[in-house]
Amino acid sequence: MWEKRSKVMFGSSVLIAGVLLVQMGLYAMKVLAGWDLHFNLVDVCSALIRTYFIPELAYVLDALVFYTLFFLVAAFVRQIVLSARTYKQLRHLRHEGHCTALNQAFCRSRGEEAILVVEHPAPVAFTMGMWKPRIILSTGLVKLLDHNELKAVIYHEMFHQKHRDPVKTFVLSLVAAVMWYLPILKWFRHHYNIAREVLADHYAVNRLGSGQDLGGALVKMLKYGRTAPVQAAVSFSDTSINYRILRLLDPDMDIPLRLPFAPTMISVQVLLLLCSLFLIEFS
């Protein structure tokens, strides 16, 4: 159920954002490069606004299109730079002994360093990286948790690493922030994060055969509330930690998936408006 739910959240967000971004991109190329578009939603909206409504509103539409595209590219480039800079800084804090021991214990068959342990007093655990995700742990976490609790955290993060959750989370966070006029995207992102954390917990519990150690790690991390330093990361203790503890106590517990009324209505009205303008033009 949770796997299907996460796919629905991710697929819906990508579909909605992707369709609008493609249309906006084509419209921008028409304005900037004079492309002859025979089938473009944004161009239809702009033409109808100029013809039947206040012509100046077309400039508002133009501004929205170029705002969305500009900040999308700017945020993406910024994240690439920030991720590279952060990982470089973390490499300087590398704890050689812990890195060697944990990679030999968990990643020997993969022939690569997938776990990086850094010198830091606070307990931190997250998976970062868009192209090649790596698990980041702190020496504070290694000292705080016992052996089995640490294994539970590593297995949890290995799930995120295996399924490339950092890049997926970044994509949803990016479109939700840039396309703020579709508030349903923010709701999709939030519930996608919950679903992925629950699935990662399930993976860790299945590997260990019990939820006791994972629960112990969550309780110890609860008071710290450390978050990942960059968006292209998934933190162990950053999402719905109280709910996750309750689920370990009661595996049958569930969150009803109900679309929020106001964000849904606003998003639907925006999409219907664009679609209706499109149908009027080409009917």
Side-chain angles (χ1 to χ4, degrees), residues 1-21 68 71-72 75-76 78-79 82-83 124-130 133 153 156-157 159-204 214 218 221-271:
M1 179 191 69
W2 287 98
E3 181 68 30
K4 181 179 179 180
R5 182 176 294 186
S6 69
K7 289 181 179 179
V8 170
M9 298 296 105
F10 184 79
S12 299
S13 294
V14 171
L15 178 62
I16 293 171
V19 169
L20 289 182
L21 288 173
T68 300
F71 279 98
L72 181 76
F76 180 79
R78 177 181 178 274
Q79 186 57 49
L82 181 60
S83 294
V124 177
F126 58 91
T127 302
M128 69 169 291
M130 290 193 287
V153 172
H156 174 101
E157 295 301 331
F159 177 89
H160 290 311
Q161 183 186 47
K162 177 181 178 182
H163 293 88
R164 297 186 176 275
D165 285 340
V167 66
K168 296 175 183 177
T169 300
F170 170 66
V171 168
L172 297 192
S173 298
L174 179 62
V175 297
V178 173
M179 306 181 79
W180 48 267
Y181 41 87
L182 294 176
I184 195 63
L185 294 178
K186 183 177 181 180
W187 185 86
F188 282 146
R189 181 206 63 193
H190 175 69
H191 283 270
Y192 174 82
N193 290 344
I194 293 177
R196 300 312 293 177
E197 290 302 317
V198 170
L199 288 169
D201 286 347
H202 285 174
Y203 178 80
L214 181 65
L218 283 170
M221 295 282 288
L222 181 60
K223 64 179 180 179
Y224 290 96
R226 301 292 297 180
T227 60
V230 292
Q231 280 189 321
V234 182
S235 174
F236 176 75
S237 60
D238 192 28
T239 304
S240 304
I241 189 170
N242 291 317
Y243 171 73
R244 291 164 59 197
I245 293 174
L246 292 176
R247 272 196 58 84
L248 291 174
L249 299 174
D250 181 11
D252 295 327
M253 181 183 178
D254 190 17
I255 295 180
L257 194 62
R258 298 189 182 95
L259 291 173
F261 180 77
T264 301
M265 292 305 298
I266 293 173
S267 300
V268 168
Q269 288 177 26
V270 171
L271 292 173

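- Judged by distance alone, the side chain of S13 and the main-chain N or O of F10 form no donor-acceptor pair under 3.5 Å.
- We find the OG-NZ distance between S173 and K186 to be 11.0 Å, quoted to the nearest 0.5 Å.
- In this structure the side chain of L185 never reaches within 4.5 angstrom of the side chain of R189, judged on heavy atoms.
- The closest side-chain heavy-atom distance from D165 to T127 is not below 4.5 Å.
- In terms of the ring-ring contact (aromatic ring centres under 6.0 Å, His included) criterion, Y181 has no residue partners (sequence neighbours excluded).
- Scanning all heavy atoms of the two residues, the minimum distance from A195 to W2 falls at CA-CE3, 3.6 Å.
- If you take OG1 on T169 and CE on M130, they are separated by 12.0 Å, rounding to the nearest 0.5 Å.
- Residues S6 and R196 bring a donor and an acceptor atom of their side chains to less than 3.5 Å of each other.
- Side-chain contact between V175 and V14: absent, with no pair of heavy atoms (C-beta onward) separated by less than 4.5 Å.
- Counting heavy atoms from C-beta on, the side chains of R5 and Y192 never come closer than 4.5 Å.
- Note that CD1 of I16 is 9.0 Å distant from CE of M179, once rounded to the nearest 0.5 Å.
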- prompt: Which is it for L20 and T68 under the side chain to side chain contact (heavy atoms under 4.5 Å, CB included) test, yes or no, and what are the steps along the way?
  reply: CA-CA 10 Å; L20 289 182; T68 300; over 6 Å; no
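- Looking at F170 and L174, their side chains come closer than 4.5 Å, going by heavy atoms from C-beta outward.
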task: Show your reasoning for whether side chain to side chain contact (heavy atoms under 4.5 Å, CB included) applies to K168 and L172.
output: CA-CA 6 Å; K168 296 175 183 177; L172 297 192; 5.8 Å; no
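- Checking each of H163, R164, H156 against H160 for a side-chain hydrogen bond (donor to acceptor under 3.5 Å, both in side chains) leaves exactly one that passes, namely H156.
- At a threshold of 4.0 Å, the pair K162-E157 does not count as salt-bridged, since none of the basic side-chain nitrogens sits closer than that to a carboxylate oxygen.
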